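Below: one structure, written as structure tokens.
Each chain gets a letter, A, B and so on, in the order its sequence line appears, and its residues count up from 1. Fair warning: this is a prediction, and the values are worked out from it, not measured in the lab.
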Amino acid sequence: MTPLLDVTDLLVRHGDRTVVDRVSFQVDEGETLALIGESGAGKSSTALAVLGLVGPEPGSSVRFAGQELTGLKGRRLRALRPRFQPVFQDPYGSLDPRAPIGRTITEPLRVHGRPAGAARAAELMELVGLDPAYADRLPHELSGGQCQRAGIARALALDPRLLVLDEPVSALDPSVRSGVVNLLTGLQKRLGLGYLFISHDLDLVHHVAHRVAVMAPGGRLVETAPTHELFASPRDPYTKQLLGWAPSRP
Amino acid sequence: MTHASSADPLLAVRGLRVGIDGTEAVRGVSFAVRPGQATALVGESGAGKSLTARAILGLPPHGARISGSVRLDGEEIAGAGPSVYRRLWGRRIAYVPQDALAVLSPVHTVGDQLAAAVRSVARVPRAEARRRAVAALDGVGIADAARRARALPHEFSGGMRQRAVIAMALVNGPGLIVADEPTTALDPRVRDQVLDVLAQARAASGAALLLITHDLELAETRADEAVVLYAGRVAESGPAHQVFGDPRSPYTAGLVASKLPGWRTTGTARRGQDSLSATARTPQAPLPAIAGTPPSPLDLPRGCAFAPRCPLAAQVCRDEEPAPAATDPAGPRTVACHRAHQLPMPAVMLYDLQGLQDLQLREPTG
Ligand code: SF4
């Protein structure tokens with residue numbers, strides 16, 4: 001079966017610094033691949049490259065459902081864009097502060113010239129457990145958890161197959177965090193979504209991920225394994241250190 | 001000058017209220033910090049924990065109205081102005097913020113700033129201030145402190161900067177350190193190192209700690225006492241391991257129940273959660289969760305602020321706000337809940353769907 005997302009030899013540089021160093025991984029339908037590592041290791045750069053928001057170096061390949069995305073431009077890229085969508089960490093920062101959230105949620109539909117009426121907004125809001133009566137509210141009138149649900153609803157507007165989630169619950173209050181985690185795992189089961197899930201929270205990754213890829217500083221993937229295996233018997237010294245199996249550097 | 005015996009609290013907060021723009025965000029908070037002890041003030045955004053800390057520190061936001069009582073070593077300081085606080089800052093009460101750059105100047109070396117802090121309190125020669133500054137950096141585990149003292153803050157890593165701020169807070173030997181989310185911005189591994197340093201430096205100096213945090217695990221593992229805030233009130237307080245090991249407030253129970261199963265402990269029953277069905281520990285299975293979201297201080301529900309989210313809420317909860325009361329007359333714990341005596345054991349069962357059905361929790365009639 002063709003993986004949903006197939007990344008091969010992804011190389012990203014900032015100036016002459018390599019931030020993602022020839023990284024390869026796959027994400028299947030209905031599967032969560034978590035990318036873990038310390039901050040600055042290149043996790044977010046990997047996400048941005050997958051989303052086409054930073055350009056990878058020549059030789060990199062990012063395939064979505066078998067189709068090569070790197071080098072794709074214009075209409076053909078636009079046609080694929082709806083299929084993979086980001087969810088970011090900061091629930092407030094990622095929403096337009098002046099737009100009612102019902103409008104923000106359906107914005108991607110308007111951009112792609114699809115019907116974006118109140119009915120679709122209500123449908124999306126219900127999908128993420130938001131009361132459709134909130135459609136007219138502004139982000140600052142909502143809690144962090146509600147804003148993050150709105151962000152997820154917006155990501156779902158175009159019926160994507162893959163979500164790229166960068167620390168999607170780490171900014172949320174503890175009393176709403178597990179509700180959003182349940183929402184994400186539930187949506188995946190219901191819709192068969194693939195998740196590229198970036199986080200430094202090992203408990204969270206252990207709970208949500210089917211497989212885990214470990215990124216070391218310098219942007220190298222040192223180990224990829226099924227979640228249970230990775231946590232029970234890490235192989236790479238860096239993974240061992242990250243999991244606290246080996247003494248950490250001072 | 002008051003002479004407090006060691007049994008007396010170092011800090012005693014009674015009925016503290018803080019209002020801004022006509023809304024009350026801290027609504028009658030009481031707790032105490034004993035000398036040398038670590039007390040965690042735990043809450044979510046909007047719960048009033050940072051405002052409480054800032055009121056204690058004499059750094060309230062502009063226009064805030066403070067009432068109630070804050071006693072430091074017996075001295076009443078609630079709402080006191082800078083003239084009073086200038087005498088206290090550094091010497092008796094010190095501040096460690098989340099963002100080190102909020103207290104470190106970017107244009108002076110770390111050593112110069114520490115030395116200036118020493119000289120702001122003690123009339124000592126520059127060389128002596130310098131020596132104490134370097135010793136303080138050494139005391140928080142900064143290797144090669146004499147050389148590092150000549151660096152500017154941005155030349156430090158995040159963890160090192162936070163250590164420098166801790167050194168600065170401790171350099172004049174205050175009795176109380178107020179740390180507001182001191183490690184939230186750091187990677188987990190660095191976070192643990194910084195917290196270890198803080199604990200060691202406190203043990204050496206005898207300073208007490210008021211730790212402001214949203215992180216239950218931090219509160220449970222790093223504090224002796226915990227005070228849990230919800231919507232500007234104390235939901236529950238007591239020894240930290242008791243509060244989180246056997247919560248007595250439905251809110252705290254919800255926080256504990258909805259904690260992610262730790263990857264280290266999964267497979268073995270977690271303390272206080274033996275009741276949770278086995279599926280709750282299976283990866284991707286739904287976690288116990290608290291419904292709804294915390295209220296805004298602008299729009300508090302009538303009665304208990306947690307009632308709209310509480311699985312135990314009854315009519316009395318919607319009519320009357322519960323007051324904190326001791327759970328047992330001789331004990332150290334308080335809880336503000338009308339139905340505290342009707343909680344299941346363990347209380348986290350409140351959030352276990354199966355458990356709820358088994359218990360058939362109904363509103364009492366009559
Ligand atoms: S007072 Fe009532 S609503 Fe509030 S926490 Fe207790 S049972 Fe729940």
If every non-hydrogen atom of [X] is compared with every non-hydrogen atom of [Y], which pair is closest and at what distance?
X	Y	answer
B/Gly262	A/Asp203	CA-OD1, 3.3 Å
A/Val176	B/Arg309	CG1-NH2, 3.9 Å
A/Lys189	B/Gln284	NZ-O, 3.3 Å
A/Pro174	B/Ser258	O-OG, 4.1 Å
A/Asn182	B/Ala289	ND2-CB, 4.0 Å
B/Ala285	A/His207	O-CE1, 3.1 Å

Would you compute the distance between atom [atom1] of [X] and atom [atom2] of [Y] and round it to the nearest 0.5 angstrom?
X	Y	atom1	atom2	answer
A/Leu142	B/Thr293	CG	OG1	8.5 Å
A/Asp201	B/Leu260	CG	CG	6.5 Å
B/Leu255	A/Arg177	CG	CZ	10.0 Å

Inspect the surroundings of [atom1] in [X] and state if more than 12 heavy atoms from other residues, nucleotides or ligands are less than 6.0 Å away.
X	atom1	result
B/Glu155	CD	yes
A/Arg220	CZ	no
B/Asp196	CG	yes

Please state whether the side chain, the backbone, both or neither of A/His228 comes within less than 4.5 Å of a heavy atom of chain B.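 The answer is neither part of A/His228.
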Please look at A/Thr185 and chain B and tell me whether the side chain, the backbone, both or neither of the residue comes under 4.5 angstrom of a heavy atom of that chain.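 For A/Thr185, the side chain is the part near chain B, not the backbone.
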Top contributor to chain B contacts, counting heavy-atom pairs under 4.5 Å, from A/Leu204, A/Thr227, A/Val205, A/Leu183: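 Highest number of heavy-atom pairs under 4.5 Å: A/Leu204.
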Validation row: A/Leu243, B/Trp263 side chains within 4.5 angstrom (heavy atoms):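 Result yes, sub-4.5 Å side-chain heavy-atom pair found.
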Would you check if B/Pro294 and A/Ser175 make a side-chain contact, meaning some heavy-atom pair closer than 4.5 Å?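 Yes; the side chains approach each other to less than 4.5 Å.
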Looking at B/Ser45, is its backbone amide N or carbonyl O close enough to the side chain of A/Asp173 to form a donor-acceptor pair, meaning the two atoms are under 3.5 Å apart?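 Pair found, side chain donor or acceptor close to backbone of B/Ser45.
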